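Predicted model only: the values in this text are computed from it and were never measured.
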Amino acid sequence: MNTAAPRIAALFTSAVLGLTLLSGCSSDNVDCGLDQCTVTLERSTSASASVLGVEAKFVSADANTVTLEVAGEEVQLTKGQQAVNVGGLQVSLDSITADNVGFVVSR
């Protein structure tokens with residue numbers, strides 16, 4: 001009885017599934033785990049990233065609040081605030097500097 005073929009098929013399926021989960025991130029400024037991505041965007045009006053199947057764009061920021069457009073919906077995030085539900089994803093502010101904003105997107 002040949003059991004190698006089912007094992008090879010299972011290994012291939014596992015590899016494809018792993019790559020699919022990690023492919024939720026498509027930008028150099030996105031760092032993903034299995035169900036969460038950390039995004040760092042420059043504070044410029046053209047900054048954006050594709051993350052977990054949605055587009056996240058920088059809109060504006062001040063010292064404590066960042067406005068982003070995530071999945072076509074504008075959302076304001078404040079440091080220390082709990083995650084906000086946007087397009088079926090949870091989004092929270094991670095950091096604000098003079099040059100960048102960092103936020104976390106999770107499923």
Side-chain angles (χ1 to χ4, degrees):
M1 184 167 161
N2 185 1
T3 60
R7 287 183 183 167
I8 291 172
L11 180 62
F12 179 74
T13 302
S14 295
V16 169
L17 178 60
L19 289 173
T20 301
L21 289 172
L22 293 177
S23 68
C25 307
S26 68
S27 306
D28 291 336
N29 53 348
V30 179
D31 182 29
C32 287
L34 288 177
D35 61 353
Q36 176 176 304
C37 296
T38 301
V39 182
T40 304
L41 294 178
E42 292 182 17
R43 288 176 69 161
S44 71
T45 55
S46 62
S48 67
S50 178
V51 56
L52 297 176
V54 300
E55 187 75 12
K57 297 178 185 179
F58 175 80
V59 176
S60 66
D62 61 26
N64 295 316
T65 304
V66 172
T67 303
L68 302 171
E69 183 182 309
V70 180
E73 186 176 331
E74 202 166 282
V75 61
Q76 284 191 332
L77 304 172
T78 304
K79 282 187 82 167
Q81 173 186 3
Q82 289 187 342
V84 175
N85 187 17
V86 181
L89 300 171
Q90 297 293 311
V91 183
S92 62
L93 184 59
D94 187 43
S95 63
I96 303 174
T97 67
D99 299 321
N100 299 306
V101 295
F103 56 98
V104 177
V105 180
S106 58
R107 294 180 196 250

Any donor and acceptor pair, going by atom type alone, linking the side chain of Arg107 with main-chain N or O of Gly88 inside 3.5 Å? no
Here the pair of heavy atoms bringing Leu77 nearest to Ser92 is CD1-C, 4.0 Å
Rounded to the nearest 0.5 Å, the SG atom of Cys37 sits from the CG atom of Asn29 at a distance of 11.0 Å
Taken to the nearest 0.5 Å, the spacing of Thr97 OG1 from Arg43 CZ works out to 7.0 Å
Checking Thr65, Leu68, Val66 against Gln76 for side chain to side chain contact (heavy atoms under 4.5 Å, CB included), the one that qualifies is Thr65
| task | Keeping the roles fixed (side chain from Asn64, backbone from Thr78), state whether a donor-acceptor pair exists under 3.5 Å. | result | no
Same apolar cluster (I L V M F W Y, side chains within < 4.5 Å links), Val39/Val104
no
Correct closest heavy-atom pair for Val30 and Ser50 would be CG2-O, 4.2 Å
Tightest non-hydrogen contact, residues Ala56 and Leu41, listed as O-CD1, 4.1 Å
| message | Applying a strict under-4.5 Å side-chain criterion to I, L, V, M, F, W and Y, I'd like to know whether Leu93 and Val75 cluster together. | response | yes
Rounded to the nearest 0.5 angstrom, the CG-CD distance for Leu89 and Glu73 is 11.0 Å
In short, Val70 meets Val86 closest at the heavy-atom pair O-CG1, 3.3 Å
When every non-hydrogen atom of Asn100 is compared with those of Glu42, the smallest separation belongs to OD1-CA, 3.5 Å
For the residue pair Thr67 and Glu74, establish whether any side-chain heavy-atom pair is separated by less than 4.5 Å.
-> yes
Separation between CG (Asp35) and CD (Gln90), nearest 0.5 Å, reads 11.5 Å
Between Ala71 and Gly87, the two heavy atoms sitting closest are CB-CA, 4.4 Å
Practice prompt. Answer yes or no: is there a side-chain heavy-atom contact under 4.5 Å between Thr40 and Val101?
Written response: no
message: Under a plain distance cut-off of 3.5 Å, with no hydrogens placed, do Ser48 and Glu55 share a side-chain donor-acceptor pair?
response: yes
